[in-house]
Number of protein chains: 2
Amino acid sequence: MTPEPNILIVDDEAAIRDMIGIALDTAGFRSTTASTALDAHVNIIDQRPDLVLLDWMLPGGSGIELARRLKRDELTANIPIIMLTAKTSEDNKVQGLDVGVDDYVTKPFSPRELVARIKAVLRRSTGNLKDKPIRVFDLEMDPASHRVMVEDRAVEMGPTEYRLLNFFMTHPEKVYSRDHIQDQVWGANVYLEERTVDVHIGRLRKALSSASKTGINYSALIQTVRGAGYRFSTRHD
Amino acid sequence: MTPEPNILIVDDEAAIRDMIGIALDTAGFRSTTASTALDAHVNIIDQRPDLVLLDWMLPGGSGIELARRLKRDELTANIPIIMLTAKTSEDNKVQGLDVGVDDYVTKPFSPRELVARIKAVLRRSTGNLKDKPIRVFDLEMDPASHRVMVEDRAVEMGPTEYRLLNFFMTHPEKVYSRDHIQDQVWGANVYLEERTVDVHIGRLRKALSSASKTGINYSALIQTVRGAGYRFSTRHD
DNA sequence: ATGCAATATTACATTTTGATGACAAATGTT
DNA sequence: AACATTTGTCATCAAAATGTAATATTGCAT
């Protein structure tokens with residue numbers, strides 16, 4: 001649901017932190033940084049990042065320590081960790097340090113590879129949460145197949161209308177202001193004309209109203225609340 | 001897919017690794033090695049070997065640790081593991097079976113015995129994968145003969161299109177992002193342009209659409225979901 | 001009813017996204 | 001070695017989606 005995953009970069013070298021930060025930025029991630037294991041730990045508990053990029057060679061070997069601690073603590077155990085390991089063969093020192101991280105990337109690495117790995121790990125960890133279909137009368141939304149059906153026939157709509165309907169169906173019987181809807185459907189940091197929401201509401205209504213063959217107008221589920229916003233409701237106005 | 005199965009040898013003693021490597025080589029296997037659990041984990045995630053030969057007695061007891069982790073993680077759970085144990089000990093066997101290891105070989109062992117066990121385990125594990133043919137209308141995919149048939153006539157397509165179709169037919173009615181498809185069809189450690197998936201989708205569609213003599217267009221089963229990815233579905237858009 | 005503010009609808013320029021043919025590198029085959 | 005096939009990337013075109021502004025309509029207080 002969060003539009004941009006938040007990645008914590010833990011490395012003692014500022015240059016590397018910056019480099020990675022830029023790479024993640026251009027790839028559409030948000031990122032924060034920490035230069036020590038202690039910093040990192042505080043940040044993780046505070047911010048609960050979606051993923052941690054952890055330098056294996058933190059001074060004092062505390063990188064591995066941190067990974068182990070995170071994986072041991074129930075609260076942080078399922079935050080994915082990608083280890084950044086140096087290419088040098090420290091085989092002897094490495095023994096027994098396999099603490100259950102989710103992936104490894106060896107330095108030097110290309111930003112592209114790093115981003116790909118991050119995406120793969122994130123997909124693995126969040127993809128498991130498979131949403132169940134939501135049904136209201138004969139209007140059904142199935143997130144798994146990414147489909148909206150009315151009376152078992154697919155309804156055509158653009159991606160934005162899909163997200164909009166998804167938001168409404170998962171938050172029924174409540175009014176939401178245009179601002180709030182923008183936050184939820186477009187993302188928190190996107191700024192639009194207020195009226196744009198109206199337009200997309202219109203498009204969604206149109207898609208729904210032309211969908212039924214039995215005369216039921218499903219666009220009536222999306223109700224205008226004058227002066228307040230919109231509401232998805234099965235009850236009449 | 002690969003003619004020669006790829007075996008990962010995990011042992012801290014170089015002499016043993018070499019010995020096993022040679023034995024496997026003459027038996028027609030490919031092999032890679034790792035001397036630590038960490039190395040091994042990296043290798044497994046990267047290379048996805050067909051089988052892992054894992055020394056029980058890795059320093060720090062991390063051999064069992066690793067086995068347990070591999071079996072716990074969904075991505076690696078069905079990679080067969082053969083444990084190499086130093087001495088026959090009931091304790092070890094019980095503990096290892098608990099972890100879900102596929103077989104044991106006790107040191108010292110003859111190369112012949114090792115190879116025989118490996119073959120047995122591989123036969124068992126790949127036999128399961130060669131499942132029944134999958135059929136959708138008159139489109140049939142038979143993994144055993146590695147063939148795709150439409151109305152009982154073979155359909156020509158490249159290996160990548162075959163894997164792509166196989167993925168779709170085994171995961172119907174769900175959207176998959178291009179990233180996800182890359183993971184599943186090309187492998188987790190391969191990085192391609194996003195658009196490459198489009199091209200192969202196109203090739204697969206072309207192969208399918210020119211296959212039917214009865215006018216049914218099977219390429220319609222592969223649906224584009226704008227802004228989300230692709231979907232294999234028997235239902236209309 | 002009237003006027004006003006809020007919402008709906010429409011039209012359109014711009015941006016985003018996907019399909020496809022061409023091409024060259026890699027790979028396999030004869 | 002010559003040839004064919006497969007593969008990944010790119011450029012280009014077409015289609016779809018998007019956001020905004022202009023215009024129309026609606027609901028409501030007076």
Taking [atom1] from [X] and [atom2] from [N], how many angstroms apart are they, rounded to a whole number?
{"X": "A:His146", "N": "C:dT17", "atom1": "NE2", "atom2": "P", "result": "13 Å"}
{"X": "B:Leu192", "N": "D:dT7", "atom1": "CG", "atom2": "P", "result": "12 Å"}
{"X": "A:Arg163", "N": "C:dT16", "atom1": "CZ", "atom2": "C1'", "result": "12 Å"}
{"X": "B:Arg226", "N": "D:dA16", "atom1": "CZ", "atom2": "P", "result": "7 Å"}
{"X": "A:Leu164", "N": "D:dG19", "atom1": "CG", "atom2": "C1'", "result": "14 Å"}
{"X": "B:Glu193", "N": "C:dA25", "atom1": "CD", "atom2": "C1'", "result": "15 Å"}

Describe the nucleic acid contact of [X] in one word from base, sugar-phosphate, nothing, applying a heavy-atom distance below 4.0 Å.
{"X": "B:Gln182", "answer": "nothing"}
{"X": "A:Val225", "answer": "sugar-phosphate"}
{"X": "A:Tyr230", "answer": "sugar-phosphate"}

Of the nucleotides [options], which has the atom closest to the [X] side chain?
{"X": "B:Glu161", "options": "C:dT16, D:dT26, D:dT7", "answer": "D:dT7"}
{"X": "A:Arg178", "options": "C:dA19, D:dG19, C:dT7", "answer": "C:dT7"}
{"X": "B:Thr160", "options": "D:dA17, D:dT7, C:dA5", "answer": "D:dT7"}

Partner set under side-chain contact (heavy atoms from CB on, under 4.5 Å) for A:Val225, not counting sequence neighbours: A:Val175, A:Ala228, A:Arg231
Upstream residue (5' side of DNA chain C) when A:Ala228 and B:Ala228 are each assigned their closest nucleotide: A:Ala228
A:Arg195/A:Glu193 ion pair, N-O < 4.0 Å: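 Salt bridge flag = no for A:Glu193 with A:Arg195.
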Salt bridge B:Glu113-B:Arg117, side-chain N to carboxylate O under 4.0 Å: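 Counted as a salt bridge, because a side-chain N and a carboxylate O are separated by less than 4.0 Å.
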Aromatic centroids of A:Phe167 and A:Tyr176 separated by under 6.0 Å: yes
N or O in side chain of A:Trp186 less than 4.0 angstrom from D:dG19 OP1/OP2: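 Indeed, a polar side-chain atom of A:Trp186 lies that close.
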Phosphate-side-chain proximity, B:Thr224 and C:dT17, N/O vs OP1/OP2 below 4.0 Å: no
Atom pair CG/NZ of B:Asp152 and B:Lys213 - distance to nearest 0.5 Å: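 Between B:Asp152 CG and B:Lys213 NZ, I get 14.0 Å after rounding to 0.5 Å.
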Stepwise side chain to side chain contact (heavy atoms under 4.5 Å, CB included) test for B:Leu24 and B:Leu53: CA-CA 11 Å; B:Leu24 297 191; B:Leu53 281 177; 4.2 Å; yes
DNA chain D contacts among residues 194-206 of chain B, heavy-atom distance under 4.0 Å: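 Under 4.0 Å from DNA chain D: B:Thr196, B:Val199, B:His200, B:Arg203.
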A:Leu221/A:Arg205 under side chain to side chain contact (heavy atoms under 4.5 Å, CB included): CA gap, chis, key distance, verdict: CA-CA 9 Å; A:Leu221 293 170; A:Arg205 280 175 174 157; over 6 Å; no
